[in-house]
Amino acid sequence: MTPSPDIDVAIAGAGVIGASTAWHLAQAGLRVAIIDAEGPAAAASGASDGAVSVASKKPGVMARLASASLAHTATLAKGGPLSRAFRRRPSFLFGQGPEEAAALDALAAKLAQIGGPVSVENDGGAALLPGCGMGVDRIVRLMGEGHMPGHKAVHGYLASAGDRVQRIWPARLKGHEADATGVTLDLGMSQLRAGFLIVAAGLGAGELWPQLPLIPRAGQLIVTDSGPAGVLPGALTAAAYLLAKTRDGAPPPRPPVVIDPLSTGQYLVGSTREAHGDPRLNDFATIAALMERAAAVWPPLLGRRIIRIFTGVRAAVADGLPVFGTLPDSPRVLLATGFEGDGICLSALIGREAARIACGDGVTAGLEADLAALSPTRFTKHARWGAA
Ligand SMILES: Cc1cc2nc3c(=O)[nH]c(=O)nc-3n(C[C@H](O)[C@H](O)[C@H](O)COP(=O)(O)OP(=O)(O)OC[C@H]3O[C@@H](n4cnc5c(N)ncnc54)[C@H](O)[C@@H]3O)c2cc1C
């Protein structure tokens, strides 16, 4: 006889996706356990920039989901779990050279046409942001987007969920067995029985299911000392990001860069995209090149000192879309991983939808097709899933 569940839902991974899911489940009154191999925000969520950006997303599924997630994030920030994590602020995209300027014009036209939470201004030149460096040909200003450091979001979700969520760390999910009434989790020294399992383990999901085409993509970031706040009123992002997402993997003419003014008066400058998964690797040549590029675009950076550098590792998926949905042969196991450089932005929506599925409610009306596009069933032609 199979034992009855100790808890309703177990979540493996206390990054921003797992923490958001835990909070949404607790709100629905479920008994939840969140398990992490290290601790909260130990991986990508604790070592990233936090742009909650719709404009930077690939048009289509990702842009629509980001738009819905931005709206939900803003709601959760109004006295809810994200009130100390999310802040709205303007953001700027800059273009250098004709290809980037054309990409910005196309983006501005598209955003103006579709309406939605993000409004756009495009003055045809660089006058919207005085102080930019020589060689910036075009600035587009966006209103309605925001910023949310991943570690603050994780803390906000877990603190607001209170003791409705049992925290288990350090403990690693090593495997599971699903049956008709629940899932038995193998945590090495112990087992846990849950009604439903959500695996939000970032790159760790690739150790459980090696057939998942997850690719580590490291990014180095810089934090400067603090100075007068407000000189740069919002994040300044290279149009190269737009090109990188629409060129099917071919590198853009110039490397992407984001210059983010933090509420402390510091700048966060990021980030590289490197083909490895080691968060300990920082190298000074790359950091110097990143800072040089950023200071050429935003000269006030020349007066700042670098006080910290760090590396985070994104979990990318070979086909460029995250993985979200129940496993084809285990309807009590949901996988949510592969959010690459978009997980902070998407976390509010993904947590809400994962909780709805675990509660048996199905996804929010209107999101069915977009979420179905992320389903792990797209890899079943090549793989058997079974127990991890
Ligand atoms: C340099 C950089 C810049 C970024 N900038 C942005 C940005 O501006 N905007 C944006 O939206 N996103 C950004 N991202 C992406 C974002 O940080 C990630 O998509 C997001 O944090 C992923 O969250 P997650 O919860 O899926 O995974 P993670 O944060 O990686 O969390 C996974 C957790 O699972 C745990 N774990 C792993 N294996 C197991 C196991 N077997 N059992 C138990 N626990 C396990 C880990 O310890 C970890 O705590 C950036 C990322 C990087 C690296």
Side-chain angles (χ1 to χ4, degrees), residues 10-22 33-54 56-57 62 65-66 69-70 73 86 91 145-151 153-154 157 167-176 185-188 192 197-209 214 216-222 235 237 241 256-258 260 268-274 277 279 282 290 309-317 322-324 335-351 354 388:
I11 302 168
V16 72
I17 299 290
S20 167
T21 306
I34 185 165
I35 300 146
D36 199 284
E38 294 181 50
S45 302
S48 56
D49 191 0
V52 182
S53 162
V54 176
S56 63
K57 301 294 171 280
M62 291 300 280
L65 291 176
S69 195
L70 170 62
T73 303
F86 175 74
S91 49
E145 300 196 329
H147 191 250
M148 181 165 75
H151 65 279
V154 170
Y157 280 126
R167 297 141 166 83
I168 305 177
W169 43 73
R172 181 174 289 276
L173 176 67
K174 292 180 181 285
H176 77 274
L185 281 70
D186 172 8
L187 302 179
L192 185 71
L197 168 65
I198 295 173
V199 179
L203 279 170
E207 287 160 28
L208 295 164
W209 289 282
L214 288 182
R217 197 161 282 161
Q220 301 194 44
L221 290 138
I222 297 166
T237 303
Y241 268 110
V257 65
V258 182
D260 219 318
L268 177 65
V269 177
S271 53
T272 57
R273 299 168 82 76
E274 300 169 36
N282 272 121
L290 186 61
I309 56 177
F310 61 95
T311 295
V313 184
R314 311 165 182 93
V317 182
V323 178
F324 177 76
L335 199 48
T337 183
F339 294 95
E340 219 264 354
D342 303 321
I344 308 291
C345 173
L346 293 177
S347 55
L349 174 128
I350 292 294

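Every number for a ligand or one of its atoms is a count from 1 in the order of the listing. All values reported here derive from a predicted model rather than from experimental measurement.
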Taking N or O atoms only and a 3.5 Å limit, does Gly341 qualify as a polar contact for ligand 1? yes

Looking only at heavy atoms, is any part of Ala171 under 4.0 Å from ligand 1, and if so is it the side chain, the backbone, or both, or is it neither? backbone

Which residues pass the side-chain hydrogen bond (donor to acceptor under 3.5 Å, both in side chains) test with Asp342, sequence neighbours left out? Lys57, Lys245

Any nitrogen or oxygen of Leu208, main chain or side chain, under 3.5 Å from a nitrogen or oxygen of ligand 1? no

Between Arg172 and Glu207, is the closest basic N to carboxylate O distance under 4.0 Å? yes

For ligand 1, is any non-hydrogen atom under 4.0 Å from Leu221's backbone (N, CA, C, O), its side chain (CB onward), both, or neither? side chain

Any ion pair linking Glu340 and Arg217 (charged N to carboxylate O, less than 4.0 Å)? yes

By side chain to side chain contact (heavy atoms under 4.5 Å, CB included), which residues pair with Thr237, not counting sequence neighbours? Leu93, Ala235, Tyr241, Val258

Could an N or O of ligand 1 be found under 3.5 Å from any N or O of Ala41, whether backbone or side chain? no

Just which atoms of ligand 1 are under 4.0 Å from any heavy atom in Val16? 21 (O), 23 (O), 25 (O)

For atom 18 (C) of ligand 1, which protein heavy atom lies nearest, and how many Å away is it? Glu340 O, 3.5 Å

At under 4.0 Å between heavy atoms, what of Ala47 touches ligand 1? The answer is backbone

May I ask you to identify, for Ala205, whether its side chain, its backbone, both or neither come under 4.0 Å of ligand 1 on a heavy-atom basis? neither

By number and element, which atoms of ligand 1 are closer than 4.0 Å to a non-hydrogen atom of Gly312? 53 (C)

